[in-house]
Amino acid sequence: MRITTSMDEAREAALESLSIARALGDPVAETEALITLFCAHTDYEDEDRLTEVGQTAERSGNHRVLLRYYVIRSHFLEGAGRHEEAAAVAGHGAELARQWGVARTQGTFLSINEAEPLVSLGRWDEALAVMNHAMEQDPAITTRTSLLVLSGWVALVRGDTATARARLARSREIMKLKLKWMKTQDYFSTLWLEANIAFAEGRPEAALAALEPVLEHTGMPDDARYAWPALIVGAAACGELGGAAEDHLRRLEERAAALMTSGPLQHAHCLTFAAELSRARGILDRAAWEEAAAAWEALANPYHRAGALSRAAEAALAAGDHEAAAAALRTAAEITEALGARPLADRVADLLRRTRMPRRGDASAPLGLTPREFEVLRLVAEGRSNRDIAEALFISVKTASVHVSNILGKLEVASRGEAAATAHRLALFATPKVGA
């Protein structure tokens, strides 16, 4: 699982070790060789090789190699999208590590492998408890990266950017210490977190800059598993930059095309990337986003399902299908509320409000405004800037500025503040009272 371009050499060495171990009748060395072979090329649709590793590890009776087997088995199950199984296997392995007195070392790896599927399942508080306990064991600094990245991502999607940035800073310090021996998992995941933070802060150029090493380092062990999430946030960043990012978009597309994808989890990432790629090129493909949402639902991954549903709703709204958009958004709202995923919940709420706005072609927008101008006025009345409006309505800042100018002219006012005052005075956006 190390960054290297000589995987063929690694496989040849492991095969030679395997042959020698079998000739000597040494099940410990045999298990070690089988683990190296498995890690050199992980196919998330092929469980047979892993079964052989487990049988050999059990036969060896050696605690160290048996725990290594629990590590790679839980890693495989999570990478295959079998999150519940992964959490159970890793949890059992972590308990054995505690019993055998290696909770601080091998137990830390198993805690990471238990926390990751819990994050995937949306059981974030459980995952944080596992990770906090692992950190309390004071593990070696070079094994902490995944704990920092996972907990940083949960903080970010819950709206705690400061904590996410602090976790990122610590992870990057560790990367400096062990860059020559960095695992793909640690390296790409740290860059992915950095890109996500930059994107959440409205810095898409910085997000793309963070992902440059992912585009440059190819063909590494488990490349596809850790490259796909990075490519997705890259495509989303390109969508914010429009035509100026076409070269970046092309490079992301080429990198994705070269990935050797396996298993349903990577397939879900692939679907999401394709839909995000189309969106970055101005195509809101509702069917593509609905397919991605279904894939995430099948994997029991609520956060990514909610994200895909919100994108599908955006496409439905653009096509004028407010009912379909509202249905998708209600589901997404329930998910994000349960998760405490505040930034995504806010975006979903914004879109839900748009489903209640006048529809395209509807002459019911007051004051001579078009339906789109009416939507923009609502955001002006909330005190939103042109950039905020652009993000909320998925338009460019320049287009938002043009809409605001048109609104000021039609309302015969001189400033945004006067436009907002007019909207409030006429109660244009008051929420109707329900019930008595």
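FYI, the numbering just counts along the sequence from 1.
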Indicate, with yes or no, if the rings of [X] and [Y] have centres closer together than 6.0 Å.
X: Trp124; Y: Trp153; answer: yes
X: His217; Y: Tyr187; answer: yes
X: Phe273; Y: Trp228; answer: yes

Between [atom1] of [X] and [atom2] of [Y], what distance do you get to the nearest 0.5 Å?
X: Ser385; Y: Glu391; atom1: OG; atom2: CD; value: 7.5 Å
X: Ile174; Y: Thr145; atom1: CD1; atom2: OG1; value: 4.0 Å
X: Asp222; Y: Gln266; atom1: CG; atom2: CD; value: 7.5 Å

- Message: Tell me whether Thr143 contacts the main-chain N or O of Pro139 through its side chain, where contact means a donor paired with an acceptor under 3.5 Å.
- Response: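 Judged by distance alone, no pair lies under 3.5 Å.
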- Message: The criterion is side-chain contact (heavy atoms from CB on, under 4.5 Å); which residues satisfy it with Glu126, sequence neighbours excluded?
- Response: Leu118, Arg123
- With sequence neighbours excluded, what pairs up with Thr163 under the side-chain contact (heavy atoms from CB on, under 4.5 Å) test?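 Per chain and number, Thr163 pairs via side-chain contact (heavy atoms from CB on, under 4.5 Å) with Ala155, Asp160, Arg167.
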- Item | Evaluation steps, side chain to side chain contact (heavy atoms under 4.5 Å, CB included), between Glu85 and Glu78 | CA-CA 8 Å; Glu85 294 176 73; Glu78 172 61 12; over 6 Å; no
Other residues, nucleotides and ligands only: do more than 12 of their heavy atoms fall within 6.0 Å of [atom1] on [X]?
X: Glu337; atom1: CD; answer: no
X: Glu246; atom1: CD; answer: yes
X: Arg170; atom1: CZ; answer: no
X: Arg49; atom1: CZ; answer: yes

- Kindly state each residue pair satisfying ring pair (Phe, Tyr, Trp, His ring centres under 6.0 Å) with at least one member in residues 85-106, sequence neighbours excluded. His63-Trp100, Tyr70-His92
- Is the shortest heavy-atom distance from the side chain of Arg305 to the side chain of Ile335 under 4.5 Å?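 They are in side-chain contact.
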- Heavy-atom distance under 4.5 Å between the side chains of Ser111 and Met131, does that happen here?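 Counting from C-beta outward, Ser111 and Met131 never come under 4.5 Å.
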- Which residue pairs satisfy the side-chain hydrogen bond (donor to acceptor under 3.5 Å, both in side chains) criterion with at least one member in residues 17-38, sequence neighbours excluded?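 Every pair satisfying side-chain hydrogen bond (donor to acceptor under 3.5 Å, both in side chains) with a residue in residues 17-38: Arg22-Glu30, Arg22-Glu52, Glu30-Arg59, Glu32-Arg64, Glu32-Arg68.
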- Report the residues that fulfil ring-ring contact (aromatic ring centres under 6.0 Å, His included) with Tyr44, sequence neighbours left out, ordered by chain and then residue number. Phe76
- Task: Could you tell me which residues satisfy ring-ring contact (aromatic ring centres under 6.0 Å, His included) with Trp296, sequence neighbours excluded, listed by chain and number?
- Result: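 Trp296 satisfies ring-ring contact (aromatic ring centres under 6.0 Å, His included) with His269, His304 only.
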- Passes salt bridge (charged side-chain N to carboxylate O under 4.0 Å, His left out), Glu290 versus Arg286? Steps please. CA-CA 6 Å; Glu290 287 175 342; Arg286 175 178 163 187; 3.0 Å; yes
- Determine, for Asp247 against Arg251, whether the closest basic-nitrogen to carboxylate-oxygen distance falls under 4.0 angstrom.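 Here Asp247 does not pair with Arg251 in a salt bridge, since their nearest N and O are not under 4.0 Å apart.
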